[in-house]
Number of protein chains: 2
Amino acid sequence: MDDIPVRPARIQDVAAAAGVSVSTVSNVLNRPERVNERTAARVRDAVAALDYVPHPGAAGLRTGHSSSIGLVLPDITNTFYSRIARGAADAAYDHGYSLVLCHSADAPEREQGYFTMLVEQRAVGAVVVPLSADPTRLSRLRERGIPLVLADRAMSAEDGCSVSVDDIAGGRIAVQHLLERGARDILVVNGERAIRQCADRYQGARQAVRSRREARVEQVVAKEMTVAYGLEIARRLDDLPDGVFCTNDFLAAGLCHGLAERGVRIPDEVQVVGYGDLDIASFVGTPLSTVHQPVEDLGRAAVEMLLDEVEARAEHAHEARVFAPGLVVRDSTRPASGG
Amino acid sequence: MDDIPVRPARIQDVAAAAGVSVSTVSNVLNRPERVNERTAARVRDAVAALDYVPHPGAAGLRTGHSSSIGLVLPDITNTFYSRIARGAADAAYDHGYSLVLCHSADAPEREQGYFTMLVEQRAVGAVVVPLSADPTRLSRLRERGIPLVLADRAMSAEDGCSVSVDDIAGGRIAVQHLLERGARDILVVNGERAIRQCADRYQGARQAVRSRREARVEQVVAKEMTVAYGLEIARRLDDLPDGVFCTNDFLAAGLCHGLAERGVRIPDEVQVVGYGDLDIASFVGTPLSTVHQPVEDLGRAAVEMLLDEVEARAEHAHEARVFAPGLVVRDSTRPASGG
DNA sequence: ATGAAAGCGCTAACAG
DNA sequence: CTGTTAGCGCTTTCAT
């Protein structure tokens with residue numbers, strides 16, 4: 001029983017073994033209804049006997065259809081992106097496509113290099129989280145007519161499909177939650193205004209506050225959305241608010257830590273809501289209430305929209321699909337007080 | 001300037017445009033030395049003019065060489081695996097191969113499904129983190145002569161290449177560090193003995209202790225390696241050790257939290273070292289000293305060993321490559337006291 | 001130095 | 001219902 005790699009069986013070998021022609025074998029495999037059940041059975045036996053594995057690459061050469069999808073991400077080790085990858089991988093697997101991982105590593109020339117690679121492979125399409133909003137960087141793909149759907153980035157629906165999470169809604173539910181739990185003096189600890197997500201989350205926060213008499217909101221902007229800056233901000237706070245919405249969980253973790261240092265009790269004195277539902281959210285001293293984003297769904301939907309475009313070219317309508325975030329309540333906001 | 005997807009130029013079109021034969025174009029692209037510089041220039045112009053992009057898939061059909069590598073992982077959202085993915089993606093990109101992401105999702109039948117997919121695609125090889133140690137699950141690939149290298153799993157060097165991190169060394173340096181910082185009464189907070197990594201790390205810990213007079217080590221085993229169990233263990237501890245080695249950062253984070261609850265000061269009363277250098281390590285109350293694993297290197301090396309096997313079939317020698325972990329010193333162990 | 005032609009494994013008309 | 005045949009885009013002898 002040596003393992004000398006044998007040249008794999010081809011469709012011809014199967015045909016010979018089954019005593020039929022290659023097209024019959026092809027039909028058995030692809031349009032079984034066209035072939036007599038008896039012969040089909042013979043063919044299947046031959047397939048099994050020879051351990052025949054079809055070669056979709058060769059088929060694609062003939063049909064013009066490839067079966068690989070590109071997934072272009074800035075950084076696969078970032079939880080947000082790896083969750084997109086998981087969703088995309090699941091969807092691709094379910095539909096029988098293979099996913100080519102393109103890790104652009106925040107390097108524009110590498111992103112372009114991957115686009116070229118996808119063009120070479122005649123990928124059926126690509127799900128991409130582009131490095132910047134500049135749409136011309138996508139032209140490499142566009143010019144070749146390779147369908148793409150953008151993830152976590154806006155795109156006008158005429159230009160193609162996109163998937164994203166509704167950050168305005170996210171900000172709104174976070175602050176609504178604080179208000180429901182009795183907070184009235186809300187502080188938003190945000191990242192830079194220029195970041196779309198940050199601006200949106202703050203806008204949502206304001207919407208929530210407007211709907212409530214006697215509630216007020218203020219904003220403080222951190223230079224970076226890190227634990228360190230969250231800590232810093234907590235240390236410098238003059239008057240304590242009774243509710244804080246941090247627009248990401250790192251800021252929130254740092255802030256909680258800083259408040260704890262000052263002897264401030266969470267949630268009794270200050271309630272805190274984070275954003276993102278990262279692992280870290282459940283690890284901080286007081287487990288963090290936070291906004292959960294259905295990121296896997298983004299990845300899955302992106303692939304499915306792509307395949308719809310590919311398989312139904314004509315009827316396909318571009319769509320900018322927006323997913324709703326949800327609230328995860330943990331210890332950092334206190335049990336409903338009816339306030 | 002409409003974007004009506006034009007049928008991409010083929011090598012024939014280039015040949016026609018340049019007034020040469022297809023084989024000359026092919027030569028210009030693949031063995032430029034064989035062709036006259038003047039004609040080569042004409043061909044290159046035609047390539048540019050037509051925006052010709054070669055089709056490696058078609059070439060592979062002829063040559064028998066594909067250019068895709070499979071990467072099979074239990075869970076791409078797990079930091080450890082996504083870091084492997086990053087290293088592997090970088091290496092694959094550098095060498096001009098495409099990486100097919102296979103997310104086995106801890107489901108054996110799905111893992112097998114991916115193996116079949118890789119066989120179909122005639123992948124040149126695969127880097128795999130198998131779901132279990134059972135080697136027969138790899139036979140699908142083996143029988144087809146698809147080279148593979150195992151990551152984070154042992155394999156006898158006759159059977160193929162593998163890459164892993166030296167967990168014994170990891171345990172040793174962690175505890176050596178505690179000893180150097182004056183700790184003498186060491187507690188190892190471990191995961192289940194059956195997990196190879198856990199057993200190895202403990203073995204390393206014992207090695208370190210043996211080398212030091214008057215030092216002693218004890219072990220407590222957590223049911224799961226989570227923050228919650230770390231916390232639990234800290235709460236139940238009867239007599240405090242002066243040094244704790246947790247065999248992963250989650251346990252360590254929970255433990256630190258639990259000690260803080262009891263008013264124990266870290267590192268003054270108890271010094272703590274974690275394992276893994278996860279993000280969380282720098283987020284816990286007292287930033288955690290921990291053992292860093294060069295995981296990206298694992299991924300990169302795996303791909304490179306694979307390509308060596310592919311490209312140098314004959315001279316290739318299987319190898320079980322073991323990487324050395326390193327120590328990251330943060331606040332949870334105190335500055336060297338010369339103890 | 002260049003070209004003609006065969007064929008990689010498969011599908012899809014088109015006949016029969 | 002089944003077989004014949006012509007390519008898909010490319011590389012590669014083998015001639016010239």
Side-chain angles (χ1 to χ4, degrees), chain A residues 5-44 46-47 50-68 96 117 119-124 144, chain B residues 5-44 46-47 50-68 96 117 119-124 144:
Chain A
V6 204
R7 175 199 221 263
R10 302 156 304 155
I11 197 171
Q12 295 198 32
D13 303 326
V14 177
V20 297
S21 74
V22 290
S23 49
T24 297
V25 177
S26 175
N27 281 332
V28 171
L29 266 27
N30 303 313
R31 298 107 114 207
E33 69 282 4
R34 293 207 189 175
V35 41
N36 181 298
E37 178 48 36
R38 300 271 304 273
T39 40
R42 274 217 322 287
V43 170
R44 282 192 295 266
V47 166
L50 298 177
D51 197 12
Y52 169 70
V53 177
H55 187 166
L61 188 56
R62 178 65 234 251
T63 61
H65 307 328
S66 118
S67 64
S68 66
M117 176 182 269
V119 169
E120 286 179 343
Q121 304 196 23
R122 272 62 170 173
V124 301
R144 290 292 177 157
Chain B
V6 204
R7 173 197 224 260
R10 302 156 302 158
I11 198 170
Q12 293 199 33
D13 304 326
V14 177
V20 298
S21 75
V22 291
S23 43
T24 298
V25 178
S26 175
N27 281 332
V28 171
L29 267 26
N30 303 314
R31 296 108 112 206
E33 69 283 3
R34 294 207 187 175
V35 43
N36 180 298
E37 177 50 35
R38 299 272 304 274
T39 40
R42 277 216 320 287
V43 169
R44 281 192 295 266
V47 166
L50 299 177
D51 197 13
Y52 169 69
V53 178
H55 187 166
L61 188 54
R62 180 64 235 250
T63 61
H65 307 327
S66 117
S67 63
S68 66
M117 175 182 270
V119 169
E120 286 179 342
Q121 305 195 15
R122 273 59 170 175
V124 303
R144 290 291 177 157

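Each chain gets a letter, A, B and so on, in the order its sequence line appears, and its residues count up from 1.
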Side-chain N or O of A:Ser21 closer than 4.0 Å to phosphate OP1/OP2 of D:dG3:
yes

Under 4.0 Å protein heavy-atom contact, by nucleotide of nucleotides 6-16 of chain D - B base, S sugar-phosphate only:
BBBBBBB----

Can you tell me how far the CG atom of B:Asn36 sits from the CG atom of B:Asn27, to the nearest 0.5 Å?
12.5 Å

Closest heavy-atom pair and its distance - B:Ala40, B:Val28
CA-CG2, 4.0 Å

Below 4.0 Å from chain B heavy atoms, what is the first contacting nucleotide of DNA chain C and what is the last?
C:dA1 to C:dG9

Those residues that, when tested against A:Thr39, pass side-chain hydrogen bond (donor to acceptor under 3.5 Å, both in side chains) (two or more places apart):
none

A:Ala18 and A:Ala46: which non-hydrogen atoms are nearest, and at how many Å?
CB-CB, 3.9 Å

Please, which pairs that meet side chain to side chain donor-acceptor pair (under 3.5 Å) have at least one residue in residues 57-68 of chain B, sequence neighbours excluded?
none

Pairwise side-chain contact, A:Ser26 with A:Ile11, heavy-atom cut-off 4.5 Å (strictly under):
yes

Terminal axis angle for the helix from C:dA1-D:dT16 to C:dG16-D:dC1, five pairs an end, nearest 10 degrees:
40°

Rounded to the nearest 0.5 Å, what's the gap from OH on B:Tyr52 to CZ on B:Arg44? Could you check?
15.0 Å

Side-chain contact, heavy-atom cut-off 4.5 Å: A:Val22 with A:Arg10?
no

Of all the heavy-atom pairs spanning B:Leu61 and A:Ala58, show the shortest one and how long it is.
CD1-CB, 3.7 Å

Quick one, A:Pro8 and B:Arg122 - any side-chain contact, counting heavy atoms below 4.5 Å?
yes

Can a salt bridge be assigned to the pair B:Arg144 and B:Glu120 using a cut-off of 4.0 Å between side-chain N and carboxylate O?
no

Output the residues of residues 35-42 of chain A in contact with DNA chain D, where contact means a heavy atom of the residue under 4.0 Å from an atom of the strand; sort by number or write none.
A:Val35, A:Asn36, A:Thr39

Grab the two heavy atoms, one from A:Asp13 and one from A:Ala9, that are nearest each other, plus how far apart they are.
OD2-CA, 3.4 Å

